[in-house]
2 protein chains.
Amino acid sequence: MPEHDAAATARMVEQEGCPIVEVLDHVAGKWAIGIIVAAAPGPVRFTELERAVDGISRRMLTLTLRRLERDGLLTRTVYPTVPPKVEYSLTDMACELHASLLELTSWAERHRMAIARARAAYDVAHSAAG
Amino acid sequence: MPEHDAAATARMVEQEGCPIVEVLDHVAGKWAIGIIVAAAPGPVRFTELERAVDGISRRMLTLTLRRLERDGLLTRTVYPTVPPKVEYSLTDMACELHASLLELTSWAERHRMAIARARAAYDVAHSAAG
DNA sequence: CTGCATCCCAGGCGATACTG
DNA sequence: CAGTATCGCCTGGGATGCAG
């Protein structure tokens with residue numbers, strides 16, 4: 001069981017909220033970005049996310065989903081049907097975030113080539129002249 | 001020695017660049033955001049960054065700096081004085097990124113309380129009704 | 001001042017298998 | 001379908017100490 005430290009959590013609320021690094025780490029984390037972007041258009045099911053977020057494992061999808069839910073960025077709706085159906089939606093807070101995240105992914109898309117080239121150049125320079 | 005795999009790097013360049021998840025992971029990583037934001041106003045020295053990026057260790061600062069330099073986001077200028085002086089500046093690519101990152105940190109700042117509260121609520125709900 | 005090297009551990013994360 | 005459980009590797013990342 002995870003069983004988050006309730007005392008520590010309470011302390012945060014009383015004080016000034018979560019440290020920004022931590023918030024950013026959750027919200028802009030490796031998988032979180034993809035999930036939030038994928039969930040933005042509307043309610044999304046587990047398996048849809050699994051396919052949308054390229055490269056994610058079932059485990060990390062679950063974990064990241066839980067963390068985002070805990071942080072109040074996602075709402076999880078369970079339909080007690082058979083087979084089960086679960087939908088994830090962004091909260092208002094997360095919708096606001098979504099715009100920034102889109103800019104980010106857009107930037108990444110535009111510069112992935114340049115970055116690959118920069119790396120190659122760096123590697124050459126640092127293998128020749130150790 | 002790290003000695004990045006030159007073959008793999010070359011393959012990336014020929015093909016389509018770096019996978020977006022990887023780019024985002026570097027660029028929006030836990031420490032990278034703070035560093036880029038701190039370096040945006042102008043050339044910044046190592047120790048300034050160490051103080052600016054709250055909570056970072058000397059080790060992680062160095063590692064993240066190197067990675068950002070390798071990815072072509074930072075330029076590193078060494079002044080051969082004594083004691084040594086090194087300045088880091090954003091590249092054009094990174095300046096473009098900086099705006100998005102600012103939005104992100106601004107969002108984090110605005111919502112840290114709400115997130116702390118959401119967590120507390122989640123924890124209560126999930127410890128009582130396991 | 002600006003690092004790199006080393007030790008070391010907790011946690012991230014993938015792989016795989018099992019369940020309601 | 002939508003998870004949970006377990007194992008095990010590997011990396012992130014702190015602490016400390018040395019060097020140019």
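Please read these numbers as outputs of a predicted model, since none were measured by experiment. Just so it is clear: chains get the letters A, B, ... in the order the sequence lines come, proteins before strands, and each one is counted from 1.
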Practice task
Please state how far atom CG in Asp54(B) lies from atom P in dG14(D), giving the value in whole angstrom units.
Solution key: 12 Å

Exercise for the section: Could you check how far CD1 of Ile35(A) sits from P of dA2(D), rounded to whole Å? Expected result: 14 Å

Practice task
Starting at atom CZ of Arg66(B), determine the distance to atom C1' of dG12(D), rounded to an integer number of angstrom.
Solution key: 18 Å

Exercise for the section: Mind checking Tyr79(A) for me? I need base, sugar-phosphate or nothing, with any heavy atom below 4.0 Å counting as a touch. Expected result: nothing

Problem - Residue pairs passing the ring pair (Phe, Tyr, Trp, His ring centres under 6.0 Å) test where at least one lies in residues 60-112 of chain B, sequence neighbours excluded - result: Trp107(B)-His111(B)

Problem - Contact under 4.0 Å: Arg45(A) side-chain N or O vs dA2(D) OP1/OP2 - result: yes

Exercise for the section: Mind calculating the distance between CD (Glu48(B)) and P (dC1(C)) to the nearest angstrom? Expected result: 11 Å

Practice task
With sequence neighbours excluded, give me every side chain to side chain donor-acceptor pair (under 3.5 Å) pair touching residues 36-49 of chain A.
Solution key: none

Fill in the blank from the handout: 5' to 3', nucleotides 11-20 of chain C under a 4.0 Å protein heavy-atom cut-off (B base, S sugar-phosphate only, - none) gives --BBB----B

Problem - For atom CG of Leu65(B) and atom P of dG3(C), their distance in whole Å - result: 7 Å

Problem - Sequence neighbours excluded, every pair satisfying ring pair (Phe, Tyr, Trp, His ring centres under 6.0 Å) that has a member inside residues 20-51 of chain A - result: none

Problem - Interatomic distance, Lys85(A) NZ vs dA2(D) P [rounded to whole Å] - result: 9 Å

Exercise for the section: Starting at CD1 of Ile36(B), measure out to OG1 of Thr105(B) and round the result to the nearest 0.5 Å. Expected result: 11.5 Å

Problem - side chain to side chain donor-acceptor pair (under 3.5 Å) involving Glu109(B) - partner list, sequence neighbours excluded - result: Arg112(B)

Would you be so kind as to tabulate the donor-acceptor pairs closer than 3.5 Å made by side chains of residues 51-69 of chain A, with sequence neighbours excluded?
residue	atom	partner	partner atom	Å
Ser57(A)	OG	Met60(A)	N	3.2
Thr62(A)	OG1	Arg58(A)	O	3.0
Thr64(A)	OG1	Met60(A)	O	2.6

Exercise for the section: In whole angstrom, give the distance that lies between atom CD of Glu22(A) and atom P of dG13(D). Expected result: 13 Å

